[in-house]
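No experiment lies behind these values; they were computed from the predicted model shown. For this chain, numbers begin at 1 and follow the sequence in order.
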Amino acid sequence: MATYTVKKGDSLWKIAEKYLDNASRWKEIYNLNKKVIGSNPNLIYPGQVLTLPGTSSSTSKSSSSSQKKRKSSSSKKKPSTPQEVANLI
């Protein structure tokens, strides 16, 4: 399983959308990381290292290919949130 280090502005929803291609899978991330996150899934902090479900063991390889796919697909539609704008940079 791969890991992800939380950055400022992240949420489990955004992480699931970006790395699992389905934002509604945020609960899977939460369930795997309850010891790190605690009882409130809305409170994650920069620097926390989360385990991601159903991903390859190579985080950097998985992340970079996901980011390449995201940049390609996001260039086709207008960003609708500040986070989507930041992802384009």
Side-chain angles (χ1 to χ4, degrees):
M1 289 194 181
T3 59
Y4 175 78
T5 303
V6 176
K7 294 172 183 50
K8 184 178 179 180
D10 277 343
S11 67
L12 295 179
W13 181 273
K14 290 177 186 178
I15 296 167
E17 183 176 50
K18 185 171 184 176
Y19 292 100
L20 305 179
D21 294 323
N22 184 345
S24 64
R25 291 183 66 191
W26 70 268
K27 287 182 184 178
E28 292 178 51
I29 299 172
Y30 176 61
N31 288 330
L32 279 174
N33 296 282
K34 282 184 179 181
K35 289 181 181 178
V36 176
I37 297 170
S39 62
N40 187 342
N42 295 311
L43 297 178
I44 61 173
Y45 300 97
Q48 287 179 314
V49 179
L50 306 178
T51 300
L52 300 179
T55 57
S56 70
S57 60
S58 174
T59 306
S60 59
K61 195 176 215 178
S62 173
S63 298
S64 63
S65 63
S66 292
Q67 288 172 352
K68 287 178 186 174
K69 288 178 188 175
R70 295 275 176 227
K71 285 184 180 181
S72 298
S73 63
S74 63
S75 64
K76 295 177 185 176
K77 67 172 192 150
K78 281 186 169 181
S80 59
T81 66
Q83 185 64 38
E84 288 178 351
V85 172
N87 289 340
L88 293 174
I89 299 173

> Looking at CG of L12 and CG of L20, how far apart are the two atoms once the value is rounded to the nearest 0.5 Å?
10.5 Å
> Roughly how far apart are L52 CG and I15 CD1, rounded to 0.5 Å?
7.5 Å
> More than 12 foreign heavy atoms under 6.0 Å from NZ of K7: is that the case here?
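Buried by this count: over 12 neighbours within 6.0 Å.
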> List the atom pairs, with distances to 0.1 Å, where a side-chain N or O of residues 39-48 and a protein N or O form a donor-acceptor pair under 3.5 Å, not counting sequence neighbours.
from : atom 1 : to  : atom 2 : distance (Å)
N40  : OD1    : N42 : N      : 2.9
N40  : OD1    : N42 : ND2    : 3.4
Q48  : OE1    : Y45 : N      : 2.7
Q48  : NE2    : V36 : O      : 3.2

> Can you name the residues that form a side chain to side chain contact (heavy atoms under 4.5 Å, CB included) with T5, not counting sequence neighbours?
V49
> Is any side-chain heavy atom of Y4 closer than 4.5 Å to a side-chain heavy atom of D10?
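Yes; the side chains approach each other to less than 4.5 Å.
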> How long is the straight-line distance from CH2 of W13 back to CG of N22, given to the nearest 0.5 Å?
8.0 Å
> Rounded to the nearest 0.5 Å, what separates atom OG1 in T3 from atom OH in Y19?
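The distance works out to 10.5 Å.
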> Sequence neighbours left out, what passes side chain to side chain contact (heavy atoms under 4.5 Å, CB included) with K35? Give chain and number order.
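Scan of K35 (side chain to side chain contact (heavy atoms under 4.5 Å, CB included), adjacent residues dropped) gives none.
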> If you measure from OG1 on T51 to CG on L32, what distance do you get to the nearest 0.5 Å?
6.5 Å
> Which pair of heavy atoms, one from A23 and one from A16, lies closest together, and at what distance?
O-CB, 3.6 Å
